[in-house]
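Here's the structure, in structure tokens; my notes come after.
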Amino acid sequence: MKRFSNRVLVALGLLPVALIGFALAKSGALNGKLGVIRSGQQPTATQTATSGRNSVEDDQKVERLKSIARETPAVANRQVVDIMREAAHTRRDDALPHLIRALVYNFDPDNQNEFRTPEMLLPAVQLLKENYGEKAVPALYREAVNSNQKWYSNRIAIAVRAILSPADIQIANGKYLRSASAPDFLAALTTEKVELFLAHSNGRNSEKLEEIRKAKQKNGNL
Amino acid sequence: MMKRALKLMGDLMIALLLVALCSAVLPEKVSGEGEPKALQPQSSQDGPTRMSVEEKLIRDVYARLMRYQSAGLDQRAAESGEPAQPASYVTFELRNVHSGPISEIDQKPLSELVTEQKGDIIQIKPTRLSNFGGPQHAYYDAEWVTSASTSQRVQGSAGFENFNRYTSYQVTVSFNGKQRSYRAMAVYRLDDPNTPSRPRSTNVNILDNITIDMNVVYGDESPRVRSPWSKYVKTSLYRAIAKSIKAKTDAEQLLRPEDAPIGYLPGDDVESSFNEMPMLAPIDGGGGGDDGGGGGGGGGEPDPCQALTVVDVTAAGATKVTSVSGNANIIHFVTPKGGATDQVTLTAVINPDTTANRARISWQGATMSTSNRLQATVSKSSASKNVVKVLIDGTAAKETRVWVVWATLSGGVAAPTVTALNTSGGLRNGTQIGASFSSTAAIAPSTIITDADRPNLSGANTVAPPGTNNVAGQPLSGGVNAKWDMSRRVTIRSSNNATAPAFPAVAVDGNDCYPTNLVIGNDDAGTGDENNNPYPTSAQLTSLDVPTRTWGMQGGVVGNTYRTQLWFQEFARLEIQGTWFVISDPQSWRVDIRFIKVQVTEALWHWDVNGDGDMNDDVTETMLGADMNGDGDTNDNVGYWDNDSSAAANDNAGRPAC
């Protein structure tokens with residue numbers, strides 16, 4: 001069951017354009033103020049990320065997170081989100097890189113009860129912000145610099161923008177980015193509108209159908 | 001029991017209303033909004049002021065009349081067995097008191113200074129009782145009468161030659177449910193206004209055309225009648241009062257000492273030693289009475305005319321908001337609307353909190369408790385702005401606002417929009433069904449947003465709303481970005497009969513129910529579709545939603561069906577001092593999204609897929625050579641998910657019990 005069709009720009013998708021514009025404006029995505037929780041807000045003292053807890057149960061949670069790793073955009077269902085949340089709540093250092101890689105998952109933009117902003121479409125963003133806060137930022141920059149896929153670095157940029165204020169992003173850029181490194185990521189950190197390539201679950205088989213049609217046309221079947 | 005309670009209440013109210021005539025209150029500077037001029041502070045006062053002997057003279061005579069009249073009511077009640085009602089007590093409020101030399105007014109027409117006798121006036125009639133040669137006791141009856149003709153009954157300015165000072169003032173008299181305000185004046189001879197000695201009755205003329213015969217009251221040195229008289233004269237209290245008065249008369253002492261408190265009547269000093277009633281504090285707060293035997297008017301009490309302040313006001317049934325826009329001295333309470341009988345109970349905290357001081361408290365804009373003058377109530381049955389003031393001696397000393405908030409939602413859901421989905425080459429391969437909903441919440445009273453003096457409820461929320469995650473696992477904490485918030489509850493039922501292959505599972509299709517805690521918005525994990533800032537929008541919040549399902553060719557076979565029923569309740573909520581409250585009725589709507597998998601035909605695609613020269617055939621996976629529904633084989637008919645009479649409505653019909 002193939003669940004994604006990559007290279008689908010959300011802005012060109014099926015959601016009403018006006019509503020998207022409204023949502024982006026309200027979410028602050030257009031002016032750099034992302035999210036409901038103020039940029040830069042950190043976990044409380046009791047939420048501070050820890051590295052010392054290594055219960056068997058937590059080990060299993062991190063292992064389950066590892067097991068859902070994907071290389072391409074994928075649709076997040078409830079089960080995936082639960083696995084991500086359980087691992088994120090351990091706040092263990094070794095769960096952090098896997099939670100960052102879980103940014104490959106997005107909610108299905110075609111099936112929704114409530115309109116979602118780009119940040120809301122990526123369930124890992126909220127989990128990173130709530131459970132790791134600024135502690136996740138160096139690892140996010142590292143992952144982005146090492147990535148050569150724009151769709152992925154764009155998702156990382158959305159996560160960074162959810163965690164840091166624009167001013168703090170400027171500071172982090174100077175700290176973690178060398179000049180000319182990761183230009184797509186750098187652009188996504190500051191642009192008004194981040195391109196978000198999303199997986200869908202609608203099963204339309206559009207590309208497959210067009211390939212078949214073109215093949216048959218080539219054989220004279222019009 | 002009730003009669004006794006009423007009597008006690010009346011006794012307490014009147015006896016202690018005497019100190020209500022003290023003028024040296026400590027009003028805060030309050031806004032004058034909605035306040036009658038007569039109730040506004042006479043002047044800005046930065047600290048306690050001591051009442052002049054001239055002002056005391058005036059206030060004292062009206063206070064004594066109140067006590068005599070109260071005694072009359074007690075006597076009537078003792079005779080009839082029916083307690084007096086609160087409205088039966090004559091009360092006076094004096095304000096705009098001004099004293100000066102007679103030369104200031106001797107050229108003015110009297111009508112400028114004293115209201116002429118016209119219309120409703122109060123007639124008072126003294127009754128004096130004595131027991132076998134004992135001292136006369138007095139009570140006064142009062143009644144409204146109508147003056148038949150206009151007259152200036154009091155003597156004109158030509159008679160001022162015997163006086164060198166005057167005090168003019170405004171009187172508001174309340175009695176038997178009727179109230180009248182008027183001007184009156186007293187002229188008298190007083191060589192040194194700064195001495196504590198008051199002028200004797202022969203040197204005083206009270207010019208009051210509405211409460212007539214005040215000069216009789218001024219000259220009256222009778223103790224008040226205690227009721228029932230027949231029992232009182234047999235008590236040790238009567239004997240003690242009689243003895244005290246005789247002793248003072250024999251010694252040529254004043255029956256009403258120079259330093260007596262306002263409203264003092266002969267015998268009060270003796271009564272206080274019997275501890276039957278609370279005694280008045282002396283005006284100068286110093287010693288007691290002049291006989292040294294009766295406690296001297298409660299010398300241990302703080303001076304009620306100088307120290308009384310309203311320290312705070314608390315509320316039950318509403319929340320005090322500590323962040324304020326505008327006048328920081330105004331206390332703001334906020335509550336959502338309640339039921340028809342729900343109330344906000346305000347309690348004034350005064351200092352010093354004494355029985356006498358409590359009697360000086362009254363309320364404006366709220367209903368004062370009949371059993372506790374420090375408490376008053378405001379209805380919260382409908383949205384409203386309530387300007388409530390705590391008064392000391394009739395002057396506003398603390399101002400509050402009780403905001404009863406409610407929002408009315410309007411708008412609704414449109415019929416579902418069905419969008420055919422095609423490949424880039426025009427082959428129909430799916431359907432999107434969505435229903436657009438919009439809502440506007442009008443906040444009432446809008447003045448909670450627009451008033452200069454208001455609780456500061458702007459800006460970001462300080463606490464997350466209750467609740468955990470929505471059906472997709474997204475945290476509901478993301479559903480707010482301000483203290484005002486539009487939110488939504490959802491009940492979900494999803495079903496389909498696609499088994500071979502199964503229908504793709506999506507995160508939003510799990511069953512869900514309205515939360516039992518109504519402040520939880522279980523369909524509100526984001527704010528991208530809300531405007532939660534009512535300040536630039538004339539006290540309005542808005543929300544949008546487009547619940548949507550989009551399906552192509554995945555899952556099931558031709559004839560299978562899919563259905564998601566969504567019942568929504570839009571509502572507004574408000575964070576008040578760290579706690580979230582629902583502030584609207586729910587706005588119900590629903591969307592019933594129904595798909596059916598239908599056969600793809602050559603005619604639909606305008607394509608002779610199998611190359612047989614016509615477009616009459618159903619398309620099959622065999623023709624395409626591909627698995628289109630995801631079951632792993634290529635032997636099924638090709639179908640796509642199409643609309644199956646989806647619907648939307650502005651109600652919650654059919655919502656299952658959870």
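Below, chains carry the letters A, B, ... as their sequence lines are ordered, and counting in each starts from 1.
Heavy-atom distances place the side chain of Leu566(B), and not its backbone, under 4.5 Å from chain A. When heavy atoms are compared at a cutoff of 4.5 Å, Tyr640(B) does not approach chain A at all. Only the side chain of Ile492(B) has a heavy atom closer than 4.5 Å to any heavy atom of chain A. If you measure heavy-atom distances from Ala215(A) to chain B, you find no contacts under 4.5 Å at all. At a 4.5 Å heavy-atom cutoff, Trp641(B) makes no contact with chain A through either its backbone or its side chain.
Looking at every heavy atom in both residues, Arg116(A) comes nearest to Val508(B) through NH2-CG1, 3.0 Å. What you find for Glu114(A) and Asp529(B) is that their closest heavy atoms are CG-OD2, 3.6 Å.
Per-residue heavy-atom pair counts under 4.5 Å with chain A were compared for Ala482(B), Ala507(B), Gly426(B), Gly632(B), and the maximum is reached by Ala507(B). Among the candidates Lys214(A), Arg85(A), Gln79(A), the residue making the largest number of heavy-atom pairs closer than 4.5 Å to chain B is Arg85(A). Of all the listed residues (Glu210(A), Met84(A), Met120(A)), the one sharing the greatest number of non-hydrogen pairs under 4.5 Å with chain B is Glu210(A).
Partners of Glu211(A) under the side-chain hydrogen bond (donor to acceptor under 3.5 Å, both in side chains) rule, at least two apart in sequence or in another chain, do not exist in this structure. Applying the side-chain hydrogen bond (donor to acceptor under 3.5 Å, both in side chains) test to Trp589(B) and every residue at least two apart in sequence or in another chain returns Glu570(B). Applying the side-chain hydrogen bond (donor to acceptor under 3.5 Å, both in side chains) rule to Ser439(B) yields the partners Gln587(B); only residues at least two apart in sequence or on another chain are considered.
Inspection of the Thr550(B) and Asn202(A) side chains reveals no N or O donor paired with an N or O acceptor under 3.5 Å. Judged purely by distance below 3.5 Å, without hydrogens or angles, the side chains of Glu130(A) and Ser477(B) pair a donor atom with an acceptor atom.
The CG atom of Asn422(B) sits 7.5 Å away from the CZ atom of Arg204(A) when rounded to the nearest 0.5 Å. In this structure, CZ in Arg488(B) is found 9.0 Å from CG in Asn113(A), a value given to the nearest 0.5 Å. Atom CG of Asp509(B) and atom CG of Asp108(A) lie 9.5 Å apart (nearest 0.5 Å). Taking OG from Ser206(A) and CG from Leu427(B), the interatomic distance works out to 9.0 Å, rounded to the nearest 0.5 Å. Rounding to the nearest 0.5 Å places CH2 of Trp607(B) at 7.5 Å from CG of Leu209(A).
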Side chain to side chain contact (heavy atoms under 4.5 Å, CB included) evaluation trace for Asn111(A) with Trp551(B): CA-CA 9 Å; Asn111(A) 291 284; Trp551(B) 295 117; 3.6 Å; yes
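Side chain of Arg549(B) to main chain of Gln112(A): a donor-acceptor pair is present (N/O by atom type, distance under 3.5 Å, no hydrogens or angles).
For the pair Lys208(A) and Met628(B), the minimum side-chain heavy-atom distance is below 4.5 Å.
Annotation: residues 468-476 of chain B contacts chain A through Asn469(B), Asn470(B), Val471(B), Ala472(B), Gly473(B), Gln474(B), Pro475(B) [non-hydrogen atoms, separation under 4.5 Å].
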